[in-house]
Amino acid sequence: MSTLSSTPRLLHVLVIALRWRLHEFAQGTRLYRPLALLAALLPRARGARGLARGERLRLALTELGPIFVKFGQVLSTRRDLLPADLADALAKLRDQVEPFPGAQARVTIEEQLGKPIAQLYAEFDETPLASASIAQVHAARLPDGRAVVVKVLRPGIAARIARDTRLLRALGNLAQRWHPRADKIRPLEVVEEIEKTLEHELDLQREGANASLLRRNFAHAPHDLYVPEVFWDWSAERVLTLQRVHGIPADDIAALDALGVDRKALARKGVRLFYEQVFRDNFFHADAHPGNIWVDPGEPADASFIALDFGIMGSLPEADQYLLAENFMALFQRDYRRIAELHVAAGWMPASVRIDELEAATRAVCEPYFTRPMSEISIAEVTVKLFQTAREYELTLQPQLILLQKTLLNIEGLGRQLDPEIDIWAVAEPILRNVLRQRYGPRAWLREIKRRAPEWMRQAPRLPELLIQTLEQAASGRGELTIRARELEALAANARVTQRLLAGGLFGSTLLVLAALLWTLKPQLGIAAPVVLAVLGVLAWWRAWPRRTSSTPH
């Protein structure tokens, strides 16, 4: 789409924004005065007078249509960039929109699945159960009688999204050029994030795969979290057929109380499920607002959650997952220096940051919270404040961490709705401690050795040759070597240490690999021999390691 063809839509957006008096967001820029003059010439939107700026922004996005509503929803997750009042207002956006005709849904289903509706479903209700900005949902029944829901993308939605995201990119370029805090807000990165989210939501096959994995992760505990079954023979890129489930929205407190649901137990379960998804499975529902989280009150004393809508899921790189878990544990223990060190180790902060300054800033954020009772402390709120403080030190956040932050806010908000006195910390800490022990403890280390042993065995015959080549290159000066000044100064003093480390380390590593191979390939020999070899390998490393850290290579 050319800039010229975008002009009418851009003017439409501009008029609506000015009628809701959103030009105030341009204060401090050169655009503010001309926008204020234009706003004075336009009638104020009905109901705009007296409203806070967040509410005016929310209503303006609603008037602009479903894609801008989706933009606002995604933007509401960026609490590291937005003031709290704007994030809270945008979080209220609901993309319930006018449904499209059921006959069009029927056409899409038949095109995608290649058969007439009558052959695909025993029953199909053309009146939708729900309609949102991207898709709508219809009730149906499979030929074997099972009740299902069929999610169908809106006709022409891909083209409409492409048009509006190009417009958002143009607006992002303007903000990047004119906004005085563009380097902090990073508008183009926000637009890219929105584009990626919308692209994922347009692929219902991807959503089905997300649902399938989450269901598998909790197959052992459907009484905790139930995920509807995906029917793949009735699903495609623009059509998704899921098992139909029934429940109560998790924030319908009156309905839960009427059925005698133990809300305190339910709140604890909700928090536990979140931390298990993030730190045990590394795959979490990242759109966990009450509309997507229902409660099955079948057993009021031990009610279960039902998950819906799997278009936005989150996961973390393994290193970030570990470092984040350690960050939370350090937070529980008020170890502020550890938090500062972990932020730098994770690469979220530049290595040039002074640890003592970051430690002091972290303490200033956290200590006021710890004067309250533990049941009143919000991990999510503390995390948001930490991220906002860290921005002063050039914090770089990955999209996965932003999704996690947003989900943490949703889950804690839901937990406190169910039980205002819940102690989030008491629920979360044992889960984190257990996950860290299981994933990074000695048994996990042994499992990793066992998993890698076949590859080591395949590479083992080449090790002597590679070692000889490396030593020959080092002796002849042909090997590439990068040395910092401080290392160069200490090179002579460290020569003997390096030789001892090389000899002892090679011997110790050989013993450890041999122990792993024996344990993996000859289990009938028992565990005694591998254990002895492993102990000897560790002792060899220990004997080789220098006793004085001052003589150790940096």
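Hydrogens, waters and symmetry mates play no part in the numbers below; they use all other heavy atoms, side chains included. These figures come from a predicted structure and were not determined experimentally.
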Do Asp423 and Arg268 sit within salt-bridge range, that is, some charged N less than 4.0 Å from a carboxylate O? no
Working for side chain to side chain donor-acceptor pair (under 3.5 Å), residues Tyr226 and Gln243: CA-CA 11 Å; Tyr226 189 81; Gln243 173 190 5; 2.8 Å; yes
Ignoring hydrogens and geometry, is there a side-chain-to-backbone donor-acceptor pair from Gln321 to Val278 under 3.5 Å? yes
I'd like to check Ile339 versus Leu358 (side-chain heavy atoms, cut-off strictly below 4.5 Å). Are they in contact? no
From Leu331 atom CG to Arg338 atom CZ, the distance as rounded to the nearest 0.5 Å: 13.0 Å
May I ask you to say whether Lys264 pairs ionically with Asp262, meaning some side-chain N is under 4.0 Å from a carboxylate O? no
Non-hydrogen side-chain atoms of Val227 and Leu308 separated by less than 4.5 Å: no
Which is it for Lys151 and Asp309 under the side chain to side chain contact (heavy atoms under 4.5 Å, CB included) test, yes or no, and what are the steps along the way? CA-CA 10 Å; Lys151 188 172 185 177; Asp309 196 343; 3.6 Å; yes
Just wondering, do Leu256 and Leu418 contact through their side chains at under 4.5 Å, heavy atoms? yes
Step through the shown structure and confirm whether more than 12 heavy atoms of other residues, nucleotides or ligands are within 6.0 Å of CZ on Arg206. no
Could you measure the distance from the CD atom of Glu326 to the CD atom of Gln333? Nearest 0.5 Å is fine. 8.5 Å
Measure the spacing between CG of Leu432 and CZ of Arg280 and express it to the nearest 0.5 Å. 13.0 Å
Check whether any side-chain heavy atom of Glu367 sits under 4.5 Å from a side-chain heavy atom of Tyr336, and report yes or no. yes
What closest approach, in Å, do Ala286 and Gly314 show between heavy atoms, and which atom pair accounts for it? CB-N, 4.0 Å
Can you check whether Ile161's main-chain N or O pairs, donor with acceptor, with Thr165's side chain at less than 3.5 Å? yes
Could you check whether any side-chain heavy atom of Leu57 comes within less than 4.5 Å of a side-chain heavy atom of Leu90, counting everything from C-beta outward? yes
CD of Glu24: more than 12 outside heavy atoms within 6.0 angstrom? yes
Any donor-acceptor pair under 3.5 Å linking the side chain of Asp252 with the backbone of Ile248? no
In terms of heavy-atom contacts, Val261 and Pro297 come closest through CG2-CB, 3.8 Å
I need the minimum non-hydrogen distance between Asp296 and Ile306, along with the two atoms involved. CB-CD1, 3.8 Å
Evaluate the side-chain proximity of Phe279 to Asn434: yes if any heavy-atom separation is below 4.5 Å, no if none is. no
Nearest 0.5 Å, please: how far is CZ in Phe328 from CH2 in Trp425? 9.0 Å
May I ask you to decide if Asp287's main-chain N or O and Asn292's side chain share a donor-acceptor pair within less than 3.5 Å? yes
Determine whether a donor-acceptor pair (N or O, by modelled atom type, separation under 3.5 Å) exists between the side chain of Arg416 and the backbone of Ile422. yes
To check you understand the geometry: which heavy-atom pair defines the closest contact between Ala250 and Leu414, and what is its length? CB-CD1, 3.6 Å
Can you list the steps and then say if Arg56 with Leu22 is a side chain to side chain contact (heavy atoms under 4.5 Å, CB included)? CA-CA 7 Å; Arg56 283 186 279 118; Leu22 301 182; 4.1 Å; yes
CD (Gln277) and CG (Leu273) are apart, to the nearest 0.5 Å, by 6.5 Å
CE/Met329 to CG/Leu324 distance, rounded to the nearest 0.5 angstrom? 12.5 Å
If you look only at pairs with a residue in residues 291-322, which of them pass as a ring-ring contact (aromatic ring centres under 6.0 Å, His included), with sequence neighbours excluded? His285-Phe310, Tyr322-Tyr440
What do the steps show when you test Asn210 against Phe283 for side chain to side chain contact (heavy atoms under 4.5 Å, CB included), and what is the final call? CA-CA 9 Å; Asn210 290 340; Phe283 189 71; 3.7 Å; yes
I'd like to know if the side chain of Asp281 and the backbone of Asn217 have a donor-acceptor N/O pair within less than 3.5 Å. no
Closest approach of Phe274 and Thr407, non-hydrogen atoms and distance? CE1-CG2, 3.6 Å
Checking side chain to side chain contact (heavy atoms under 4.5 Å, CB included) for the pair Arg337/Asp335: CA distance, chi angles, key distance, verdict? CA-CA 6 Å; Arg337 186 168 188 84; Asp335 188 346; 4.2 Å; yes
Do Glu229 and Leu242 come close enough that some side-chain heavy atom pair is under 4.5 Å? no
Residues at least two apart in sequence or cross-chain that pass salt bridge (Lys or Arg N to Asp or Glu O under 4.0 Å) with Glu55, listed by chain then number, are Arg58, Lys92
Among residues two or more places apart or on two chains, list those pairs meeting ring-ring contact (aromatic ring centres under 6.0 Å, His included) that have a residue in residues 191-219. none
Over all heavy atoms of both residues, which pair between Ser304 and His223 is shortest? Give the atoms and the distance, please. CB-O, 2.8 Å
Do Glu359 and Glu341 make a side-chain contact, defined as non-hydrogen atoms from C-beta onward lying under 4.5 Å apart? no
